[in-house]
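Heads up, the thing below is written out as structure tokens.
The structure presented is a predicted model; accordingly, all values stated were derived computationally and were not measured.
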Amino acid sequence: MHVLILGGTTEARALAGLLHPRVRVTSSLAGRVARPRLPEGEVRIGGFGGADGLAAWLGEHAVDAVIDATHPFAERISFNAARAAATAHVPLLALRRPGWVPGEGDDWRDVGSLAEGATALDGLGDRVFLTTGRMGLAAFADRPEWFLVRSVDAPEAPMPARTEVLLDRGPFTLEGERELLRRHRIDVLVTKDSGGTATAPKLTAAREAGIPVVVVRRPPVPEGVRVATTPEEAAALVLGY
């Protein structure tokens, strides 16, 4: 059995470890991170050339199942995977960690896009902690606020004129997030609903500090695609037990 994992997430690496070496596993990474953490099994880096290229690759490499374990906001990759799997007649499963849910004391502003997130900053404060990754900063380029941008790799222009970049990779601790908010005098946090525990401490720190959080909703999984919420559940579905 040959399983292709569209990866790059913590869950994808865990899934590869659960499946390998019981089945042949190939993990595909987009190549956007300079020093990715490599999973067990075979690894390929780079795109496929869209849905048609992926469909051809599935046939050429005798793939029996595809698992889309990409970031919840990798919308284009997910829809290409759905089209390619349908074309190649290969089963597709999406692995998605559950999204975050606000709790008592949280002040969340729910938005549908980065552009809406930028508009939602009106009146919330002058110092913004932006944790949406290095892609998409153009949505905030015309904002007058000061931004602390945290990402794994250095972002590229366009970005806000008043920006400080912090290169760091999770998981992050609650104490570390508390100190970061205090040291940089943060007024508002902007994040994507990526879910999981690696970056969730910032939400707790924001709640404790009474800081509003602008949360960008994740896009839906393509219609008709089955979803697993943990690597263990995905592995069980693939292995048939």
Side-chain angles (χ1 to χ4, degrees), residues 1-33 35-48 50-51 53-101 133 152 169-172 192-201 203 217-241:
M1 184 180 192
H2 185 191
V3 177
L4 173 66
I5 299 176
L6 303 176
T9 60
T10 301
E11 291 77 13
R13 290 190 296 275
L15 176 59
L18 291 171
L19 294 177
H20 176 80
R22 287 188 282 181
V23 300
R24 180 186 175 192
V25 177
T26 300
S27 294
S28 177
L29 308 181
R32 292 176 178 170
V33 176
R35 296 181 302 278
R37 295 171 178 170
L38 298 180
E40 296 183 49
E42 302 171 36
V43 177
R44 70 174 303 279
I45 296 179
F48 292 92
L54 176 54
W57 197 94
L58 296 178
E60 292 166 3
H61 293 81
V63 172
D64 298 293
V66 180
I67 303 176
D68 173 15
T70 55
H71 191 277
F73 282 84
E75 185 174 12
R76 184 170 63 179
I77 297 174
S78 295
F79 277 86
N80 281 346
R83 284 183 52 203
T87 299
H89 304 289
V90 174
L92 171 66
L93 174 69
L95 173 54
R96 292 288 185 273
R97 67 188 79 144
W100 291 319
V101 178
V152 176
R169 186 199 300 261
F172 301 104
K192 292 178 177 178
D193 179 18
S194 56
T197 60
T199 61
L203 302 173
R217 293 190 303 272
R218 59 174 61 178
V221 172
E223 187 176 355
V225 176
R226 190 173 185 179
V227 178
T229 58
T230 67
E232 292 78 11
E233 181 186 0
L237 289 171
V238 169
L239 297 174
Y241 63 86

With side chains defined as the heavy atoms from C-beta onward, is the minimum distance between Thr70 and Ser78 less than 4.5 Å?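 Thr70 vs Ser78: side chains touch.
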Would you say the side chain of Leu239 lies within less than 4.5 Å of the side chain of Arg22, judging by non-hydrogen atoms?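 Yes, their side chains come closer than 4.5 Å.
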Whether the side chain of [X] engages the backbone of [Y] through a donor-acceptor N/O pair (distance < 3.5 Å, no angle test) should be reported.
X      : Y      : answer
Arg96  : Asp68  : yes
Arg218 : Asp193 : yes
His71  : Phe73  : yes
Asp64  : Val3   : no
Arg97  : Ser194 : yes
Arg44  : Gly46  : yes

Testing the basics here: between [X] and [Y], what is the closest heavy-atom pair and its distance to 0.1 Å?
X      : Y     : answer
Ala82  : Leu92 : CA-CD2, 3.5 Å
Thr9   : Ala69 : OG1-O, 2.7 Å
Ala81  : Leu6  : CB-CD1, 3.6 Å
Val225 : Leu93 : CG1-C, 4.4 Å
Asn80  : Leu54 : O-CD2, 4.2 Å

Rounded distance [0.5 Å steps], [atom1] in [X] versus [atom2] in [Y]:
X      : Y      : atom1 : atom2 : answer
Glu233 : Glu11  : CD    : CD    : 12.5 Å
Ile5   : Leu95  : CD1   : CG    : 8.5 Å
Trp100 : Thr199 : CH2   : OG1   : 3.5 Å
Phe48  : Ser28  : CZ    : OG    : 3.5 Å
Leu19  : Arg24  : CG    : CZ    : 14.0 Å
Leu18  : Arg13  : CG    : CZ    : 13.0 Å

After noting the C-alpha distance and the side-chain angles of Ser27 and His20, does the key distance pass the side chain to side chain contact (heavy atoms under 4.5 Å, CB included) rule? CA-CA 11 Å; Ser27 294; His20 176 80; over 6 Å; no
Residues Leu237, Arg226; criterion side chain to side chain contact (heavy atoms under 4.5 Å, CB included); working and verdict: CA-CA 10 Å; Leu237 289 171; Arg226 190 173 185 179; 3.4 Å; yes
